Participant: 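So that we are looking at the same thing, I have put the structure below in C-alpha cells.
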Amino acid sequence: MSILETIIIAIVEGLTEFLPVSSTGHMIITQNLLGVESTEFVKAFTFIIQFGAILSVVVLYWKRFFKLNRTPLPEGSSKLKKFLHKYDFYWKLFVAFIPAAVLGLLFSDMIDAMLESVTVVAVTLILGGIFMLFCDKIFNKGSEKTEMTEKRAFWIGMFQCISMIPGVSRSMATIVGGMAQKLTRKAAAEFSFFLAVPTMFAATMFKMLKLFSDETTAQVLKENIDILLIGNAVAFIVALLAIKFFINFVTKYGFKAFGWYRIVVGGVILAMLLTGHNLTIA
C-alpha cells in the first residue's frame, strides 16, 4: 500500500465508523476501487486502524469513561451490588459486549470469508438503507428514555451481532437496538459510540494475536509500522469530526438521509457487478 492509499482508506474509516453506513463495507469498496490487493496485511490494516477511530470516542467522552458512580445506595446493599453500582458504566458496556464477543469467537472464520465479498456489501447496504427509511417511524415512537439499564444494554448487544455481516453497520445496528429499547436517538447513538470501544478493541486485538502467531505476517506488520501509524492518526482525526457531525445531524433529522445514501451506493456497486464492470479505477 502506498501512503496515498493508506490516507484514503483511513479517511473512509474515520468518516464511516460511527455513521450508520458500514465502515467495513466502505473500506472493502474503497480498497477495490483503488485496486489494492486483499493481502493479509491489508486485511490487518483495516482492523488495526479502527484503534485510531475508537480512541476518538475516549477523547471526546473522557469524562464519561473515567467517571465512577458515586451516588449512594440504600443501607444493607451487598458488596456485589455496591461494586456493580460503582462501576455501573463499565458493567453495562460489558453486558452489551458479551453477545458479539461470543458469536465473534464462534464464527470468526465465516465472518472473514464474508469480508471478501463486495456483492454481500452491496446487497446489505441496499437492504439496510431501505430499513433506515422507515426506522424512525418504527422505533422512535415513545423514544424518550435516556437511562441505560442492564436489560437495554444486553438487547443493544444482541442487535450488535447483526453487524457481523459486512455492510450492515455496527453503528446502525446498535443505534436501532437502543431505539427499540425506547432510548432517544441521541442516547442510543452515544451508547453505540461507547460500545464501539470494547467491541472494536477486542476485535482488533484478537485479529492481531492471530496475525502475530504467524512469523511471516508478523514481520510484514513490523516492516509497515509507519503505514499503520499514519492510518491510525488519520482515522483518529477524521472520526473526531464525524462523531460531532453525526450526533447533531441524527438528533435533528433522523436516519432517512443515510438510508438513501446506502441505497444509492449499494445500487451503483451492485449494478456495476451485475453488468460485469470492474470496480478497480487504479
Side-chain angles (χ1 to χ4, degrees), residues 1 5-6 9-10 12-14 16-18 22-28 30-31 36-59 65 87 90-117 120-121 153 156-158 160-171 173-174 192-236 239:
M1 285 175 62
E5 289 167 343
T6 298
I9 294 175
V12 171
E13 160 62 16
T16 59
E17 183 57 57
F18 300 105
S22 176
S23 62
T24 301
H26 276 71
M27 282 194 287
I28 292 171
T30 303
Q31 178 187 321
V36 177
E37 185 182 353
S38 185
T39 62
E40 285 302 312
F41 171 73
V42 171
K43 292 177 186 176
F45 173 81
T46 59
F47 272 92
I48 294 170
I49 62 172
Q50 291 178 342
F51 183 79
I54 63 176
L55 187 59
S56 68
V57 179
V58 179
V59 170
F65 271 94
Y87 297 97
Y90 307 105
W91 169 242
K92 285 166 184 173
L93 282 183
F94 178 73
V95 169
F97 164 74
I98 287 299
V102 172
L103 288 182
L105 287 171
L106 291 175
F107 301 105
S108 61
D109 291 338
M110 186 185 298
I111 294 166
D112 286 344
M114 285 192 292
L115 289 173
E116 300 286 341
S117 176
V120 170
V121 172
I156 291 171
M158 293 297 289
Q160 180 171 242
C161 295
I162 304 170
S163 67
M164 292 180 183
I165 303 171
V168 168
S169 169
R170 193 205 62 83
S171 177
T174 50
S192 171
F193 298 158
F194 301 153
L195 182 55
V197 176
T199 302
M200 292 159 57
F201 181 78
T204 301
M205 292 300 102
F206 178 71
K207 187 71 174 179
M208 287 183 69
L209 284 173
K210 288 178 67 176
L211 292 167
F212 274 104
S213 65
D214 182 289
E215 290 185 10
T216 303
T217 309
Q219 185 60 35
V220 172
L221 290 176
K222 291 175 184 177
E223 291 172 356
N224 289 278
I225 191 67
D226 56 335
I227 295 291
L228 296 174
L229 290 174
I230 291 170
N232 273 286
V234 172
F236 169 75

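Small disclaimer: the values here were computed from a predicted structure and weren't measured.
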Participant: Between Leu93 and Tyr87, is there a side-chain heavy-atom distance shorter than 4.5 Å?
Facilitator: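 With C-beta onward as the side chain, the pair stays apart.
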Participant: Between atom CE of Met27 and atom OG1 of Thr46, what is the distance when rounded to the nearest 0.5 Å?
Facilitator: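 Taking CE in Met27 and OG1 in Thr46, the distance rounds to 5.0 Å.
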Participant: Could you pull out all residues at least two apart from Leu229 that satisfy side-chain contact (heavy atoms from CB on, under 4.5 Å)?
Facilitator: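 Scan of Leu229 (side-chain contact (heavy atoms from CB on, under 4.5 Å), adjacent residues dropped) gives Ile225.
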Participant: How many angstroms lie between CZ in Phe18 and CD1 in Ile54, if you round to the nearest 0.5 Å?
Facilitator: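 CD1 of Ile54 is found 7.5 Å from CZ of Phe18.
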Participant: Relative to the ring of Phe65, is the ring of Phe194 parallel (under 30°), tilted (30 to 60°) or perpendicular (over 60°)?
Facilitator: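 Correct class here is perpendicular.
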Participant: If you look at every heavy atom in Gly104 and Met164, which pair is closest and at what distance?
Facilitator: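 Heavy-atom minimum between the residues: N-CE, 3.5 Å.
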Participant: Take atom CD of Glu37 as the centre, draw a 6.0 Å sphere, and report whether it contains more than 12 heavy atoms from other residues, nucleotides or ligands.
Facilitator: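 Open: at most 12 neighbouring heavy atoms sit under 6.0 Å from CD of Glu37.
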Participant: Counting heavy atoms not belonging to Phe94, are there more than 12 under 6.0 Å from its CZ?
Facilitator: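 Check fails, neighbour count at 12 or below.
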Participant: Using atom types as modelled and distance alone, determine if a side-chain donor or acceptor of Ser163 lies under 3.5 Å from a backbone N or O of Val168.
Facilitator: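 Such a contact is absent between Ser163 side chain and Val168 backbone.
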Participant: If I compare all heavy atoms of Ala235 with all of Ile49, which pair ends up nearest, and what's the gap?
Facilitator: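 In terms of heavy atoms, the two residues are closest at CB-O, 3.6 Å.
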Participant: Applying side-chain contact (heavy atoms from CB on, under 4.5 Å), can you list everything that pairs with Thr16, at least two apart in sequence or on another chain?
Facilitator: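 Thr16 satisfies side-chain contact (heavy atoms from CB on, under 4.5 Å) with Val12, Val21, Ser23, His26 only.
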Participant: OH of Tyr90: more than 12 outside heavy atoms within 6.0 angstrom?
Facilitator: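 Yes, enclosed.
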Participant: By side-chain contact (heavy atoms from CB on, under 4.5 Å), which residues pair with Ala44, not counting sequence neighbours?
Facilitator: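 Ala44: side-chain contact (heavy atoms from CB on, under 4.5 Å) contacts with Ile48, Leu211, Leu221.
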Participant: Quick one: side-chain contact (heavy atoms from CB on, under 4.5 Å) partners of Phe236, sequence neighbours excluded?
Facilitator: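 Leu55, Ser56, Val59, Leu240.
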Participant: Check Ala173 against Gln160 and note the closest heavy-atom contact, atom names and distance.
Facilitator: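 It is CB-CA, 4.3 Å.
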Participant: Considering residues at least two apart in sequence or located in another chain, which fulfil the ring pair (Phe, Tyr, Trp, His ring centres under 6.0 Å) criterion with Phe45?
Facilitator: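 Listed in chain order: nothing, the list is empty.
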Participant: Within a strict 4.5 Å, meaning less than it, do heavy atoms of the Arg170 and Ser192 side chains meet?
Facilitator: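 Heavy-atom side-chain distance check passes, below 4.5 Å.
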Participant: What are the two closest heavy atoms between Gly231 and Ala10, and how far apart are they?
Facilitator: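 In this case the closest contact between Gly231 and Ala10 is O-CB, 3.4 Å.
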Participant: Measure the spacing between CG of Leu209 and OG1 of Thr204 and express it to the nearest 0.5 Å.
Facilitator: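 Between Leu209 CG and Thr204 OG1, I get 11.0 Å after rounding to 0.5 Å.
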Participant: Hey, could you give me the CG/CG distance between Asn224 and Asp226, rounded to the nearest 0.5 Å?
Facilitator: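 CG of Asp226 is found 6.5 Å from CG of Asn224.
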Participant: Just to verify, what does Phe206 make a ring pair (Phe, Tyr, Trp, His ring centres under 6.0 Å) with, not counting sequence neighbours?
Facilitator: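 Listed in chain order: nothing, the list is empty.
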